[in-house]
Amino acid sequence: MRYELVIFDNDGVLVDSEPIANTILAGYLTELGHPTSYDESVHDYMGSAVHRVHDLVEERTGQKLPADFDDTLHSRVFAAFERELVAVDGVEDLLAKLVADGVAYCVASSATHERIRVGHRKTGLDQWFEEDWIFSAEDVGQGKPSPDLFLLAAERMGVAPERCVVIEDSPLGVQAARAAGMDVYGFTSMMPAERLVGVTGYCSDISQLPELLA
């Protein structure tokens with residue numbers, strides 16, 4: 001493999017959480033008087049930290065979301081994860097191959113550490129990730145599309161940015177990876193390829209990645 005470090009986004013790439021999370025987010029915003037469809041939630045918020053929801057709602061309506069918005073959203077999402085969440089098909093086989101080939105990997109996600117860990121415990125992916133291989137937007141001042149999160153992951157993992165490759169499924173994540181000087185492959189299981197502008201390549205199935213990254 002021509003890369004020394006594979007950096008995975010989490011939601012939608014490792015765990016199949018985006019349909020669950022966006023359904024809940026759209027419903028909760030609508031309940032609060034900010035009508036939002038599932039497709040609008042995916043378009044506006046997929047791949048971003050929760051502060052973007054606050055920022056866009058206030059920008060568009062002049063209204064602030066409730067002080068307990070984050071806690072309520074997370075509790076609803078976590079409850080749904082416990083009922084429904086599964087790993088993305090083929091992820092464990094890919095991780096096993098990276099281990100066998102001696103290629104380092106980590107996760108760098110806009111989600112909170114708690115959300116990442118809840119998802120990994122539910123899907124069994126926790127056995128594949130050491131604690132210090134998990135990076136959250138909580139660890140940096142600015143989340144995606146800022147490059148800070150990916151640069152932090154590379155620094156902590158001891159690999160130069162140009163030797164890293166990012167696996168992303170959102171436009172914000174792709175922008176962040178490119179700004180960090182990293183190659184990035186777009187995962188198109190949910191996001192149309194034309195929205196992932198600037199990627200090094202695409203895959204619609206995680207099992208395609210070993211060949212693409214070779």
Side-chain angles (χ1 to χ4, degrees), residues 1-18 46-47 86-111 113 116-117 119-120 123-137 139-140 143-214:
M1 188 174 290
R2 63 184 186 274
Y3 302 102
E4 295 177 18
L5 176 65
V6 180
I7 303 177
F8 293 98
D9 177 44
N10 189 61
D11 291 293
V13 174
L14 295 177
V15 295
D16 194 16
S17 54
E18 293 291 9
M46 184 169 154
V86 296
V88 168
D89 191 39
V91 158
E92 292 205 58
D93 289 341
L94 173 60
L95 295 175
K97 178 166 179 53
L98 293 177
V99 170
D101 292 347
V103 179
Y105 62 87
C106 65
V107 58
S109 170
S110 294
H113 277 285
I116 297 166
R117 285 164 171 76
H120 285 194
T123 59
L125 292 183
D126 54 341
Q127 66 181 311
W128 295 97
F129 287 89
E130 303 288 342
E131 284 294 311
D132 55 0
W133 298 354
I134 298 174
F135 304 95
S136 160
D139 302 327
V140 294
K144 304 169 188 178
S146 164
D148 294 5
L149 179 56
F150 290 137
L151 292 173
L152 175 68
E155 178 186 355
R156 295 276 180 85
M157 298 294 290
V159 179
E162 61 270 18
R163 300 297 304 154
C164 301
V165 62
V166 175
I167 313 303
E168 264 289 354
D169 68 339
S170 75
L172 293 175
V174 170
Q175 291 174 45
R178 299 305 298 177
M182 301 175 181
D183 284 355
V184 54
Y185 281 80
F187 185 44
T188 59
S189 66
M190 276 189 61
M191 187 65 63
E194 58 268 22
R195 289 203 62 207
L196 301 178
V197 178
V199 295
T200 309
Y202 302 98
C203 69
S204 58
D205 188 312
I206 286 292
S207 65
Q208 299 167 333
L209 278 174
E211 182 177 352
L212 291 172
L213 304 182

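Each residue takes its place number in the sequence, starting with 1. Just so it is clear, the values below take in all heavy atoms, side chains as well, and ignore hydrogens, waters and symmetry mates.
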For side-chain contact (heavy atoms from CB on, under 4.5 Å), just list the numbers for Val99 and Tyr105, CA-CA rounded to whole Å, side-chain angles, deciding distance to a tenth of an Å, and then say yes or no. CA-CA 9 Å; Val99 170; Tyr105 62 87; 3.9 Å; yes
More than 12 heavy atoms of other residues, nucleotides or ligands under 6.0 Å from CG of Asp89: yes or no? no
Rounded distance [0.5 Å steps], CG in Leu212 versus CG in Asp183: 12.0 Å
Treating Thr200 as the side-chain partner and Tyr185 as the backbone partner, does any N or O pair qualify as donor plus acceptor under 3.5 Å? no
Any side-chain heavy atom of Ile206 sitting closer than 4.5 Å to one from Phe187? yes
Please give me the minimum heavy-atom distance between Ala108 and Lys144, naming the atom from each residue. O-NZ, 3.1 Å
Please check if the side chain of Ser110 supplies one atom and the backbone of Gly47 the other of a donor-acceptor pair under 3.5 Å. yes
Strictly distance-based, threshold 3.5 Å: is any side-chain N or O of Thr123 a donor or acceptor partner for the main-chain N or O of Val86? no
Which heavy atom of Leu213 sits nearest to which heavy atom of Met1, and what is that distance? O-CG, 3.3 Å
Checking Arg178 side chain against Gly173 main chain: does a donor-acceptor pair fall under 3.5 Å? no
Side chains of His113 and Glu131: does their closest heavy-atom pair fall under 4.5 Å? no
Looking only at heavy atoms, which two atoms of Ser170 and Met46 are closest? And how far apart? CB-O, 3.6 Å
Can you tell me how far apart CG (Leu151) and OG (Ser146) are? Round to the nearest 0.5 Å. 7.5 Å
Shortest non-hydrogen contact from Ser109 toward Asp11: OG-OD2, 4.0 Å
If every non-hydrogen atom of Leu196 is compared with every non-hydrogen atom of Val174, which pair is closest and at what distance? CD2-CG2, 4.0 Å
Can you tell if the side chain of Phe150 reaches within under 4.5 Å of the side chain of Val184, non-hydrogen atoms only? no
Apply side-chain contact (heavy atoms from CB on, under 4.5 Å) to the pair Arg156 and Asp132, showing each step before the final yes or no. CA-CA 8 Å; Arg156 295 276 180 85; Asp132 55 0; over 6 Å; no
What's the spacing between Leu125 CG and Gln127 CD if we round to 0.5 Å? 7.5 Å
Go through Glu168 and Gln175 one step at a time and tell me if the side-chain contact (heavy atoms from CB on, under 4.5 Å) criterion holds. CA-CA 10 Å; Glu168 264 289 354; Gln175 291 174 45; over 6 Å; no
Trp133 vs Trp128, test: side-chain contact (heavy atoms from CB on, under 4.5 Å). Steps then yes/no. CA-CA 10 Å; Trp133 298 354; Trp128 295 97; over 6 Å; no
So His120 and Phe129, would you call those rings parallel, tilted or perpendicular, with 30° and 60° as cut-offs? tilted
Which value, rounded to the nearest 0.5 Å, describes the distance between Asp169 atom CG and Leu14 atom CG? 10.0 Å
Can you tell if the side chain of Ile7 reaches within under 4.5 Å of the side chain of Phe135, non-hydrogen atoms only? no
Return yes if some donor-acceptor pair links the side-chain N/O of Thr188 with the main-chain N/O of Cys203 below 3.5 Å, else return no. yes
Nearest atoms (heavy-atom pairs only) where Val91 meets Val13: CG2-O, 3.4 Å
Atom CG in Asp126, atom CD1 in Ile116: separation rounded to 0.5 Å? 13.0 Å
Between atom OH of Tyr202 and atom CE of Met191, what is the distance when rounded to the nearest 0.5 Å? 12.0 Å
